[in-house]
Asker: 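This is the structure, below, for whatever I ask next.
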Amino acid sequence: MKIGLPNNPKRELDKEILWISANKFDYIDLFLEEGKTSLNSINPQSVKDLLKKAKLSATGHMPWYIPIGSPIKAIREAAVSETKKYLTVFSEIETEKVAIHAHWCHGSFCLKEMIDFQTESLEKITRIAKSLGVTPLLELTDSKEDAPSNIKKILDSIPQLRFLLDIGHANLHGRKPVDYIRELSSYISHVHMHDNSRDLDLHLPIGCGNIDWEKTIKALKQYYDGTITLEIFSRSKDYVLLSRDKLQKYWADL
């Protein structure tokens with residue numbers, strides 16, 4: 001297991017990298033989003049050099065709001081084009097894998113249509129990612145449509161697309177993280193961890209919501225031993241360090 005931490009895209013990236021390195025995380029989950037880490041505000045070579053100096057590897061994280069599942073074809077095509085820009089930058093930074101978020105258009109469209117819209121985009125994105133030497137990961141969101149069976153339909157149709165298990169998101173809408181682990185274990189290539197109270201996507205520290213962490217981590221450990229990002233959004237980073245301690249203890253004891 002390797003434990004990483006995301007940067008806050010509203011803060012200076014160099015300071016975020018230095019803090020993550022100084023606190024001995026294994027890698028940074030590099031969030032490139034509008035703010036301090038928009039595509040226009042970073043230099044890939046400078047980021048690569050800083051990561052090397054900090055002795056950190058990186059996973060990549062696309063903006064969650066890119067509409068790859070829009071019912072409008074021109075918008076889907078624009079989303080793929082924009083995604084290519086991000087993937088190119090991640091490739092230049094030598095980021096091995098990159099998260100791309102599911103996108104459900106809702107409205108009057110049926111489930112099959114919503115899956116087809118995303119699949120069309122993700123087939124193109126996966127080809128682009130592979131040509132750049134990047135592994136694309138499909139991340140479930142906080143939408144009620146992100147059920148294991150729906151995610152599996154997309155993954156099954158694109159063999160080179162992998163799965164990012166977000167345990168906090170998997171705890172919403174009456175779902176259980178262990179169901180995702182058991183049903184999608186063969187697809188998992190990255191994990192996000194954070195807690196919530198089942199009704200809101202709160203990104204709380206581990207143990208501050210109602211996720212059964214003992215049961216969840218025990219199940220995860222049966223199938224997975226890779227990168228785990230603590231996606232905890234707290235003003236105080238003390239809670240991140242506490243969550244890391246909890247995760248390490250669970251992992252060692254279970």
Side-chain angles (χ1 to χ4, degrees), residues 29-32 58-107 109-167 169-170 173 175 177 179-192 220 223-224 226-229 231:
D29 206 330
L30 187 56
F31 278 40
L32 297 186
T59 59
H61 193 273
M62 294 273 298
W64 59 267
Y65 36 79
I66 294 181
I68 65 167
S70 172
I72 301 173
K73 188 174 182 62
I75 292 179
R76 293 199 304 275
E77 291 174 346
V80 171
S81 178
E82 195 67 17
T83 297
K84 183 178 180 180
K85 297 176 186 178
Y86 281 90
L87 292 174
T88 300
V89 169
F90 280 122
S91 177
E92 291 172 354
I93 297 171
E94 297 185 356
T95 303
E96 180 181 346
K97 49 194 177 183
V98 176
I100 300 157
H101 298 75
H103 179 264
W104 305 91
C105 60
H106 301 125
F109 299 93
C110 70
L111 182 60
K112 183 181 183 303
E113 288 174 311
M114 289 189 277
I115 290 174
D116 287 346
F117 294 148
Q118 293 181 80
T119 300
E120 177 189 297
S121 297
L122 287 166
E123 285 175 341
K124 297 174 183 177
I125 288 168
T126 298
R127 287 197 296 271
I128 294 167
K130 288 299 181 180
S131 72
L132 293 169
V134 175
T135 299
L137 311 173
L138 178 62
E139 178 179 354
L140 72 154
T141 65
D142 59 356
S143 172
K144 62 182 175 64
E145 285 83 10
D146 280 298
S149 58
N150 295 335
I151 293 294
K152 189 174 187 299
K153 288 177 183 177
I154 297 174
L155 293 170
D156 281 344
S157 66
I158 311 173
Q160 291 183 309
L161 180 64
R162 305 301 296 163
F163 180 49
L164 193 166
L165 170 63
D166 187 300
I167 289 176
H169 295 164
H173 304 291
R175 303 184 298 236
D179 292 337
Y180 286 85
I181 295 168
R182 291 168 181 159
E183 294 181 40
L184 300 171
S185 60
S186 63
Y187 304 91
I188 299 173
S189 291
H190 188 38
V191 173
H192 285 174
L220 179 63
Y223 303 101
Y224 183 77
T227 49
I228 298 177
T229 295
E231 202 179 43

Asker: I'd like to know whether Glu139 forms a side-chain contact (heavy atoms from CB on, under 4.5 Å) with His61, so could you lay out the CA-CA distance, the side-chain angles of the two residues, the decisive distance to 0.1 Å, and finally the verdict.
Answerer: CA-CA 10 Å; Glu139 178 179 354; His61 193 273; 3.5 Å; yes
Asker: What I'd like to find out is whether the side chain of His190 reaches to under 4.5 Å of the side chain of Asp29, using heavy atoms alone.
Answerer: yes
Asker: Nearest 0.5 Å, please: how far is CG in Leu140 from CD1 in Ile151?
Answerer: 5.5 Å
Asker: Would you indicate whether the side-chain heavy atoms of Glu123 and Thr119 approach each other to under 4.5 Å?
Answerer: yes
Asker: Once you round to the nearest 0.5 Å, how far does CZ of Arg162 lie from CG of Leu184?
Answerer: 10.5 Å
Asker: Counting only heavy atoms from other residues, nucleotides and ligands, does the tally under 6.0 Å from NZ of Lys124 exceed 12?
Answerer: yes
Asker: More than 12 foreign heavy atoms under 6.0 Å from CD of Glu120: is that the case here?
Answerer: yes
Asker: Can you give me the closest heavy-atom contact between Ala147 and Tyr180, atom names plus distance?
Answerer: CA-OH, 3.6 Å
Asker: Set out, in order, the CA-CA distance, both residues' side-chain angles and the distance that settles side-chain contact (heavy atoms from CB on, under 4.5 Å) for Lys84 and Ile125, then state yes or no.
Answerer: CA-CA 7 Å; Lys84 183 178 180 180; Ile125 288 168; over 6 Å; no
Asker: Say you draw a straight line from CG of Leu137 to CG of Leu161; how long is it, rounded to the nearest 0.5 Å?
Answerer: 7.5 Å
Asker: Any chance CD1 of Ile72 has more than 12 other-residue heavy atoms, nucleotides or ligands included, within less than 6.0 Å?
Answerer: no
Asker: Which heavy-atom pair separates Thr59 from Thr95 by the least distance, and what is that distance?
Answerer: C-CG2, 3.3 Å
Asker: Might you work through the side-chain contact (heavy atoms from CB on, under 4.5 Å) test for Ile100 and Thr126, ending with a clear yes or no?
Answerer: CA-CA 10 Å; Ile100 300 157; Thr126 298; over 6 Å; no
Asker: Which atom names give the shortest non-hydrogen contact between Cys105 and Met114, and what distance separates them?
Answerer: SG-CG, 3.5 Å
Asker: Please lay out, stage by stage, how Gln118 and Ile154 fare under the test side-chain contact (heavy atoms from CB on, under 4.5 Å).
Answerer: CA-CA 8 Å; Gln118 293 181 80; Ile154 297 174; 4.2 Å; yes
Asker: With a sphere of 6.0 Å drawn around CH2 of Trp104, does it hold more than 12 non-hydrogen atoms of other residues, nucleotides or ligands?
Answerer: yes
Asker: What are the two closest non-hydrogen atoms of Arg175 and Thr141, and how far apart are they?
Answerer: NH2-O, 4.0 Å
Asker: Measuring from Tyr223:OH to Ile181:CD1, what's the distance to the nearest 0.5 Å?
Answerer: 9.0 Å
Asker: Nearest heavy-atom pair of Pro71 and Phe109: which atoms, and what distance?
Answerer: CB-CZ, 3.3 Å
Asker: Quick one: list whatever passes side-chain hydrogen bond (donor to acceptor under 3.5 Å, both in side chains) with Lys97, sequence neighbours left out.
Answerer: Thr227
Asker: Which atom pair, heavy atoms only, marks the closest approach of Ile66 to Ala79?
Answerer: CG2-CB, 3.7 Å
Asker: Using side-chain hydrogen bond (donor to acceptor under 3.5 Å, both in side chains) as the criterion, list what pairs up with Tyr187, not counting sequence neighbours.
Answerer: Asp156
Asker: Is the number of heavy atoms from other residues, nucleotides or ligands under 6.0 Å of Gln160 CD greater than 12?
Answerer: no
Asker: List the steps and the verdict of ring-ring contact (aromatic ring centres under 6.0 Å, His included) for His169 and His101.
Answerer: CA-CA 12 Å; His169 295 164; His101 298 75; 7.8 Å; no
Asker: Quick one: does Leu220's side chain get under 4.5 Å of Ile228's, heavy atoms only?
Answerer: yes
Asker: At what distance, to the nearest 0.5 angstrom, does OG of Ser121 lie from CG of Asp116?
Answerer: 11.0 Å
Asker: Got His103 and Ser143 here, is their nearest side-chain heavy-atom distance under 4.5 Å?
Answerer: no
Asker: Kindly write out the residues that satisfy side chain to side chain contact (heavy atoms under 4.5 Å, CB included) with Glu94, not counting sequence neighbours, or none if the list is empty.
Answerer: Lys48
Asker: Quick one: pull up OG in Ser149 and CD1 in Ile115 and give me the separation to the nearest 0.5 Å.
Answerer: 7.5 Å
Asker: Side chains of Glu145 and His106: do they bring a donor and an acceptor to under 3.5 Å?
Answerer: yes
